[in-house]
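The block underneath contains the structure these notes are about, expressed in structure tokens.
To find a chain, count down the sequence lines: A is the first, B the second, and so on, and within it residues start at 1.
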Amino acid sequence: MFKSVKGTKDILPSESALWQYVEKIAREVFHRFNYKEIRTPIFEHTGLFSRSIGELTDIVGKEMYTFLDRSEESVTLKPEGTASVIRSYIQHNLTEEQPLVKVYYISPMFRQERPQAGRLRQFHQFGAEAIGASTPETDVEIIALIVEMYRSFSLNNFSVKINSVGCENCRPQYKTLLQNELRKISSQLSPESQNRIEKNPLRVLDSKNEKDRELTENVPLIYNYLCENCHQHFEKLKSILTHLTISYQIDGRLVRGLDYYTKTAFEITSNELGSQDALAGGGRYDLLVQELGGKPTPSVGFAAGIERLIMILEKKQDIQIPKTHPKLFIAAADDNSREYVFQKTMELRRKEISVEMDFLQRSLKAQMREANRQQAEYVLVIGIQERETQKGKIKNLSDGSEKEIDLTKIEI
RNA sequence: GUGGCCAUAGUUCAGUUGGUUAGAACGCCAGGUUGUGGCCCUGGAGGUCGUGGGUUCAAAUCCCAUUGGUCACCCCA
């Protein structure tokens, strides 16, 4: 028997209503903030990701689904959304149409990691990018959008963590400083952290290893070493957040795993999840557009994991997920009436009413049971008598009441 | 990629120190005066016990491997 590939999952009919609900709310919130949808292909030239995400990151180094197509070209299933969006932005010169482009996406992503709760190999994210604005207001809009989003899902137990990771002017100096400090304690750190001192020293700071945490307790944090520009940006960001009554925590150890981030970095975590507790993450990436061959274009964006959101929503009892049910079930009382039932069913469906009937030659009792299981609002039984008189009784399944109707003009 | 735990009907699980035809609940199907659902009652279908190998007279049960799941690390949304 064939099984789905490791780390992939079917969304079955019983679960799809929840997914549709999530996508619907997400779109509504994006539209409220005037972000427009962009749909990019699920695979790209491999170089796009190694260039944007960073050669040295784990995503590029060991997690991408990369393969040669039939013309020997290396392509990769997208491991994240931003690179594709920026590629498209540059390719189609969207900058010429308007100075600030605000787009969102809802899409599957692919990373070959060891599957775990809230982490699949094909997973889904929604996210947004505001391309072309350097103002801290834009960063705040993105954060406010995420907060609004989770409020719209009636989530309460999440927190917003922010940090600044500096820019090309101040980060290199801080990086050197940090590396020097870390080298002093290198031998006591975990192997992973030791490895990162040279590759990506900032990541040592958000190690989950307790001993690493203790050892780096007094290491200088970047927000004390920001250049004037980055400092001002961060101060303004915090002040606007406060004015908008969006609560946040500063986390000087918060670092993004992708290389392209500058200045603002943020993460939304939930205490209702396991160790994969990040619901959403993002930040500013002022250098990415030019890195990918476009004009210098300051931008900010975020991505959120849909599976993780759904894990939380599944635990909630109080949310109402709209499910689809037939409005009417037409049952045949005898075999000779089945054709007429099909005619009536189609007639009403053409009038845009959701109607179901029996296709399994079942008894009337079984048809009634089926109508009930399908949670149809009404049932109409048609037999010889109804066909002769063109009159029938339509039954309301929730209260059992019946109403006489004319079969030539059914209205419900 | 590393480590712990787990794998029995569609689902959630039981299965005593290895011992005859592997059970329950829910779900599914049919019936309960031949034209009316939900509740209740009766009956039925459904499993080569994840897969492969080994130990044994005998394996769902013990051993090994493998695959998948799960939790943590790593990484990240």
Quiz prompt | Residue pairs fulfilling salt bridge (Lys or Arg N to Asp or Glu O under 4.0 Å) with at least one residue in residues 319-336 of chain A, sequence neighbours excluded | solution = A:K327-A:E377, A:D334-A:R387, A:D335-A:R338

Quiz item: For A:A303, which contact category applies under a 4.0 Å heavy-atom criterion: base, sugar-phosphate, or nothing?
Solution: sugar-phosphate

Quiz item: Taking only residues two or more places apart in sequence, or in another chain, which ones meet A:E113 in a salt bridge (charged side-chain N to carboxylate O under 4.0 Å, His left out)?
Solution: A:R119

Under 3.5 Å, which N/O atoms of the protein pair with N/O atoms of nucleotides 66-69 of chain B?
unit_1: B:G69; atom_1: OP1; unit_2: A:G7; atom_2: N; d: 3.1

Practice problem: Can you check each nucleotide of nucleotides 25-34 of chain B against protein heavy atoms at under 4.0 Å and return B for base, S for sugar-phosphate only, - for none, in 5' to 3' order? | Solution: ---SSSSB--

Exercise. Assess whether one donor atom and one acceptor atom, taken from the side chain of A:N372 and the base of B:G38, lie less than 3.5 Å apart.
Key: no

Quiz prompt | N-O pairing of A:E80 and A:R111 below 4.0 Å | solution = no

N/O to N/O distances under 3.5 Å, protein versus nucleotides 5-7 of chain B:
none

Self-check item: Stems where RNA chain B pairs, listed by first number, each of three or more Watson-Crick or G-U pairs under 3.5 Å
Solution: B:1-7 with B:67-73, B:10-13 with B:23-26, B:28-32 with B:40-44, B:50-54 with B:62-66

Practice problem: Applying side chain to side chain donor-acceptor pair (under 3.5 Å), name anything that partners A:N157, two or more places apart in sequence or on another chain. | Solution: A:E272

Quiz item: Should we say atom CZ of A:F342 is surrounded by more than 12 heavy atoms from elsewhere, each under 6.0 Å from it?
Solution: no

Self-check item: Listed partners of A:Q343 passing side chain to side chain donor-acceptor pair (under 3.5 Å), at least two apart
Solution: none

Exercise. List for me each residue that meets ring-ring contact (aromatic ring centres under 6.0 Å, His included) alongside A:H45, sequence neighbours excluded, and say none if there are none.
Key: none

Exercise. Scan side-chain atoms only and decide if A:Q390 and A:E386 contain a donor-acceptor pair under the 3.5 Å cut-off.
Key: no

Pairs under 3.5 angstrom only: tabulate donor-acceptor contacts from the side chains of residues 391-398 of chain A to other protein residues two or more places apart or in another chain.
unit_1: A:N396; atom_1: OD1; unit_2: A:S398; atom_2: N; d: 2.9
unit_1: A:N396; atom_1: OD1; unit_2: A:S398; atom_2: OG; d: 2.7

Quiz prompt | By side chain to side chain contact (heavy atoms under 4.5 Å, CB included) - contacts of A:H231 (at least two apart) | solution = A:L226, A:E235

Self-check item: Contact list for RNA chain B against residues 394-403 of chain A - heavy-atom distance below 4.0 Å
Solution: A:K395, A:L397, A:S398, A:G400

Quiz item: Under 6.0 Å between the ring centres of A:Y285 and A:Y260?
Solution: yes

